[in-house]
Enquirer: 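I have a structure here, written as structure tokens, and I will follow up with some questions on it.
Note: hydrogens, waters and symmetry copies are ignored here, and every other heavy atom, side chains too, is used.
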Amino acid sequence: LREAVRARWAKFVHASIALLLITGSINFAILAIPPKIKPLPYHPIFGVKLLAAFAVFFIASALMSRGPGFAGIRAKRAKWLGILLALGGIIVLLSGILNQVRTTQAVFRG
């Protein structure tokens, strides 16, 4: 049963990772390439969010893998799912902070 569920969710996880990487890259390019925001404090917060997202991608992929290299992670599935959820919460929190930074900077540019 677990293998059947894993096979279905693996496709969803990989598609979601690809979609998030594409949309995140486009969003960052729109804001940062032609500087529409001040680099500080936006870039450091974005960097932490990006690292947390990569950790989420790694853990989700490890939980969905079949290979023996990630057997230790799969064996402690509950622990890693908790870490995954905590990182997801941090990412949502950082997204809200980044939205406030963009909004505040737009008001001051005026």
Enquirer: Only counting residues at least two apart or in another chain, list the ones meeting side chain to side chain donor-acceptor pair (under 3.5 Å) with Ser16.
Expert: none
Enquirer: Using ring-ring contact (aromatic ring centres under 6.0 Å, His included) as the criterion, list what pairs up with His43, not counting sequence neighbours.
Expert: Phe28
Enquirer: Between Leu40 and Pro44, what is the shortest heavy-atom contact and its length?
Expert: CD2-CG, 3.6 Å
Enquirer: Among residues at least two apart in sequence or on other chains, which ones pass side chain to side chain contact (heavy atoms under 4.5 Å, CB included) with Arg66?
Expert: Glu3, Arg6
Enquirer: Which heavy-atom pair separates Leu63 from Arg77 by the least distance, and what is that distance?
Expert: O-NH1, 3.6 Å
Enquirer: Who are the side chain to side chain contact (heavy atoms under 4.5 Å, CB included) partners of Leu50, not counting sequence neighbours?
Expert: Phe46, Phe54
Enquirer: Quick one: which residue pairs count as a ring pair (Phe, Tyr, Trp, His ring centres under 6.0 Å) with a foot in residues 60-89, not counting sequence neighbours?
Expert: Phe58-Phe70
Enquirer: Taking only distance into account, with no hydrogens and no angle test, what donor-acceptor pairs under 3.5 Å do side-chain atoms of residues 88-96 form with protein atoms, sequence neighbours excluded?
Expert:
| unit_1 | atom_1 | unit_2 | atom_2 | d |
| --- | --- | --- | --- | --- |
| Ser95 | OG | Lys49 | NZ | 3.1 |
| Ser95 | OG | Ile91 | O | 2.9 |

Enquirer: Taking all heavy atoms of Leu84 and all of Ala60, pick out the closest pair and write down the distance.
Expert: CD1-N, 4.1 Å
Enquirer: Can you list everything that forms a side chain to side chain contact (heavy atoms under 4.5 Å, CB included) with Lys11? Sequence neighbours excluded, please.
Expert: none
Enquirer: Are Leu19 and Phe57 connected in the hydrophobic side-chain network, where two residues link if heavy atoms are under 4.5 Å apart?
Expert: no
Enquirer: So Leu20 and Val56, do their side chains get closer than 4.5 Å, heavy atoms only?
Expert: no
Enquirer: Could you report the tightest heavy-atom contact between Ser65 and Arg74, atom names first, then the distance?
Expert: OG-NH1, 2.9 Å
Enquirer: Do Leu85 and Phe12 sit in one hydrophobic cluster, given that two such residues count as connected whenever their side-chain heavy atoms are within less than 4.5 Å of each other, even indirectly?
Expert: no
Enquirer: Taking only residues two or more places apart in sequence or in another chain, which ones pass side chain to side chain contact (heavy atoms under 4.5 Å, CB included) with Ile26?
Expert: Ile22, Ile30
Enquirer: Would you mind listing every side-chain hydrogen bond (donor to acceptor under 3.5 Å, both in side chains) that reaches into residues 54-63, with sequence neighbours excluded?
Expert: none
Enquirer: Identify the two heavy atoms, one from Ile37 and one from Arg102, that lie closest to each other, and give their separation to 0.1 Å.
Expert: CG2-CG, 4.1 Å
Enquirer: Is there a path from Leu87 to Leu51 through hydrophobic residues (I, L, V, M, F, W, Y) whose side chains come within less than 4.5 Å of each other?
Expert: no
